[in-house]
Amino acid sequence: MGVNAASVLNRLLQRNTHKPKALPTDSKALTTTVLTHLNAGRLRKAVSILFASPVPFPFSLYARIFQICSSNLAIVEARKVESHLITFSPAPPIFLLNRAIETYGKCGCLDDARELFEEMPQRDGGSWNAMITAYAQGGCAEKALWLFLRMNRLGICANEITFASVLGSCATVLALFLSKQIHGLIVKYGFCWNVILGSSLVDIYGKCRVMSDARRMFDEIENPNAISWNVIVRRYLEMGNEKEAVVMFFKMIRANIRPLNFTFSNALIACSGISALQEGIQIHGVAIRIGYDEHEVVSSSLIDMYAKCGDLESACGIFELPSSKNLISWTSIVSGHATSGRTREARELFDEMPERSVISWNAMLAGYTRFCQWEEALEFVFLMREATQDIDHVTFGLILNVCAGLSDVELGKQVHGFIYRHGLYSNLFVGNALLHMYGKCGNLRSTRLWFYQMSHWRDRISWNALLTSHARHGLSEEAMTIFGEMQWETTPSKFTLGTLLSACANIFALEQGKQIHGFMIRNGYEIDVVARGALVDMYSKCRCSFTDLILWNSMILGCCHNGRGRDVLGLFGLMEEEGVKPDHITFQGILLGCICEGLAELGTEHFNSMSNKYCIIPRLEHYGSMIELYGRHGFMDELEDFIKRMPFEPTVAMLTRVFNACSEHGHSRLGKWAAEQLNELNPSTPFHFQILDRSRVGK
DNA sequence: TTAGGGTTAG
């Protein structure tokens, strides 16, 4: 029948040509018929004609059909074509079999692809690439990598396409070490200029959280394209470096690369994260200029950015545009109102929503809980239970917060049971919410029990919840013990320390409070509003009338941590004018200020004034600061004089600092002395003095 | 001919 149709067609064609042609062979006629069906989109028909005919077809026709099978994911047809090809062509060209592998890969039939690959009598680089790509795109990253290693062992050279596929798989399984090796090969083969490989490496380093390498790789790409820029913006965002994500977005604009819509949303999320409204507005401007502002994803992201940055008016302005109302932007608008305390308006909007998702419900509930509207929240939870089955871990976390807010441990226990039955307890967010609920309700036994059960997945927030629950219920001693245990597992946050300070205030534990204050200063913790309040509370409760001093010290140390040495000295002057007497912490700050500014003479004066004028005996850290001050700024004679006159033996840290300063500033006498002292203290790893910069020899 | 990133809301 096909032959007949082809004959008819041929006759028609012949009638149109003036020069009579030789009659077409069967094969030619069939080819034309097949092509006619293909051109008309009748893939199945075309393949059935091909499959039924006992003659081979031109290779180009097989190639064409494989391509069409790929894009239509037509696995049955692909198998027929391959079968026909290997049956009727004694030696099918490798490229066609590669095509077949690619087609199987695209259709997700990795077993077919692998079978053909393994049975091929001969393979070329393209065969390996096709098979590796099939695995990489079929979600079998490990198999792709494994095949690449086998290819390498057989001495088959990888090309850029191989590397691109392999790097994609490396990114999936976060194979950092292998990626670094492949990076080496890429450099060796001279493929560094390839923007796809460069971007993939940026992607991998970013996903493996080594942003310094990601950035270095990005900077090495000669002409980064929109994808390269998108990757770097996205990775900075994921790493929590929103500021750099925004900076990179604007660099992209300056480089005249047209952002993708995803890049807009990434940059806008970054703006929300750091409340950078001005930058968000500028991005909005760019979107308008490029004509992306009405793109659904971009406009939803804009609405969310304005809502999160507190500019609800602008958010609503875009939301009112006809093209931008959808479930997501509705949710953003509700969330924006709810989280800014306008829960009544949020609820009105929520009730108007044409459709709602679990996220919309959670957004509204989060508004109630954030502003402690527990009764409304509870009522809303019951409404939610009636309206939808769709409840997730965020909902449960919020419901537990409601229980905590109402101090309703009975309800909390019911929720706990529900969570247990639904297997949601291993979620950290839910687990911590449970701890918080039991703690807030004063059910400390349950808190401890659950905390113990969470031992395999708890985090710093869990520890804080445990500690806070004890501190808030007057068990300050226990809170201190927990603080000690906590440090075996994680580092305390500023919230932990704030809680502890109030615990100290509660039990009039001045010494412990001072230790925690010192801990914060030594470890560079920010003395924020909460901590400052707790400090004032503690010192005043402990009948120390030093509250003013504490505030001055906080300010002074705050300046030190920001490298503002001059401000430290200014503050000290003001403090003296106010008649506030400094303490050893103040002097720690002053000396740090002098170190920042390189003021050796002034530092010496202040150090001496401690004992002479203020009757404060300098502590180890003050001596350490003086050594740092002299050592860092090259006051070597002063340093030598100072260290040799100290009323105690210098510590290893001090000697090491002196030793390093001598190497740097070329002071061999003192350097040798320090080395001798160190070697006496620890003979197993001897120090040898050597001057780093020869031009300074002679001093 | 074969290759890379990414989908906005709690």
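In what follows, every chain begins at residue 1, and chains take the letters A, B, ... in the order their sequences are listed.
Counting only distance, with no hydrogens or angles, the side chain of A:S89 and the backbone of A:I86 share no donor-acceptor pair below 3.5 Å. No donor-acceptor pair under 3.5 Å is formed between the side chain of A:S83 and the backbone N or O of A:R79. For the pair A:S335 (side chain) and A:T331 (backbone), a donor-acceptor distance under 3.5 Å is absent.
Base engagement by A:D392 is indicated by at least one non-hydrogen atom pair under 4.0 Å involving a base atom. A:S360 comes within 4.0 angstrom of no nucleic acid atom, judged by non-hydrogen atoms across all strands. Here A:N230 lies in heavy-atom contact (under 4.0 Å) with a base. Counting non-hydrogen atoms under 4.0 angstrom, A:A164 reaches a base of the nucleic acid. Contacts of A:Q137 with the nucleic acid, taken as non-hydrogen atoms under 4.0 Å apart, involve only primed sugar atoms and P, OP1 or OP2. Residue contacts for A:N98: at a heavy-atom cut-off of 4.0 Å it reaches no nucleic acid atom on any strand shown. Residue A:V394 is in base contact, counting any heavy-atom pair closer than 4.0 Å across all strands shown. A:R235 comes within 4.0 angstrom of sugar-phosphate atoms only, judged by non-hydrogen atoms across all strands, and of no base. Note on A:T133: only backbone sugar-phosphate atoms sit closer than 4.0 angstrom, heavy atoms only; bases stay farther off. Residue A:N225 is classed as a base contact, given a heavy-atom separation below 4.0 Å to a base. Using a 4.0 Å heavy-atom cutoff across all strands shown, A:V195 reaches at least one base atom of the nucleic acid. At the heavy-atom level, A:L365 lies nowhere under 4.0 Å from the strands shown.
For the pair A:R258 and A:Y292, the cation-pi test (distance below 6.0 Å, angle within 45°) is passed.
Rounded to whole Å, the distance from CD1 on A:I204 to P on B:dA3 is 17 Å. Atom OH in A:Y292 sits roughly 14 Å away from atom C1' in B:dT8 (whole-Å rounding). Between A:L268 atom CG and B:dT8 atom P the separation is 13 Å, expressed in whole Å. The interatomic distance linking A:I303 (CD1) with B:dA9 (P) rounds to 12 Å, in whole Å. Spacing between atom CH2 of A:W193 and atom C1' of B:dA3 amounts to 12 Å, rounded to whole angstrom units. In this structure, CZ of A:F66 is placed 15 Å from C1' of B:dT2, rounded to the nearest angstrom. With rounding to whole Å, A:F163 atom CZ is found 13 Å from B:dA3 atom C1'. Here the P atom of nucleotide B:dG4 and the CG atom of A:N129 are 11 Å apart, to the nearest Å.
Side-chain proximity of A:E102 to the nucleotides B:dT1, B:dT8, B:dG4 is greatest for B:dT1. Taking only side-chain atoms of A:S332, from C-beta outward, the nucleotide of B:dT1, B:dA9, B:dT8 with the closest atom is B:dA9. Taking the side chain of A:S228 as heavy atoms from C-beta on, and the options B:dA9, B:dA3, B:dG4, the nearest nucleotide is B:dG4. Of the candidates B:dA9, B:dG4, B:dT8, the closest approach to any side-chain atom of A:I227 belongs to B:dG4. With B:dG4, B:dT8, B:dA9 as the choices, the nucleotide that has an atom nearest any side-chain atom of A:I359 turns out to be B:dA9. With B:dA9, B:dT8, B:dT2 as the choices, the nucleotide that has an atom nearest any side-chain atom of A:S265 turns out to be B:dT8.
Below the 3.5 angstrom threshold, one finds no donor paired with an acceptor across the side chain of A:N326 and the base of B:dA9. Taking 3.5 Å as the limit, the base of B:dG4 and the side chain of A:S200 contain no donor-acceptor pair of atoms between them.
In this structure, a donor-acceptor pair under 3.5 Å is present between the side chains of A:S493 and A:N464. A:D304 and A:S301 share no side-chain donor-acceptor pair at under 3.5 Å.
In this structure, CG on A:N72 lies 12.5 Å from NZ on A:K106, to the nearest 0.5 angstrom.
Within the structure, every side-chain polar atom (N or O) of A:Q67 is placed at least 4.0 Å from both OP1 and OP2 of B:dT2. Here A:R234 reaches the OP1 or OP2 of B:dT7: one of its side-chain N or O atoms lies under 4.0 Å away.
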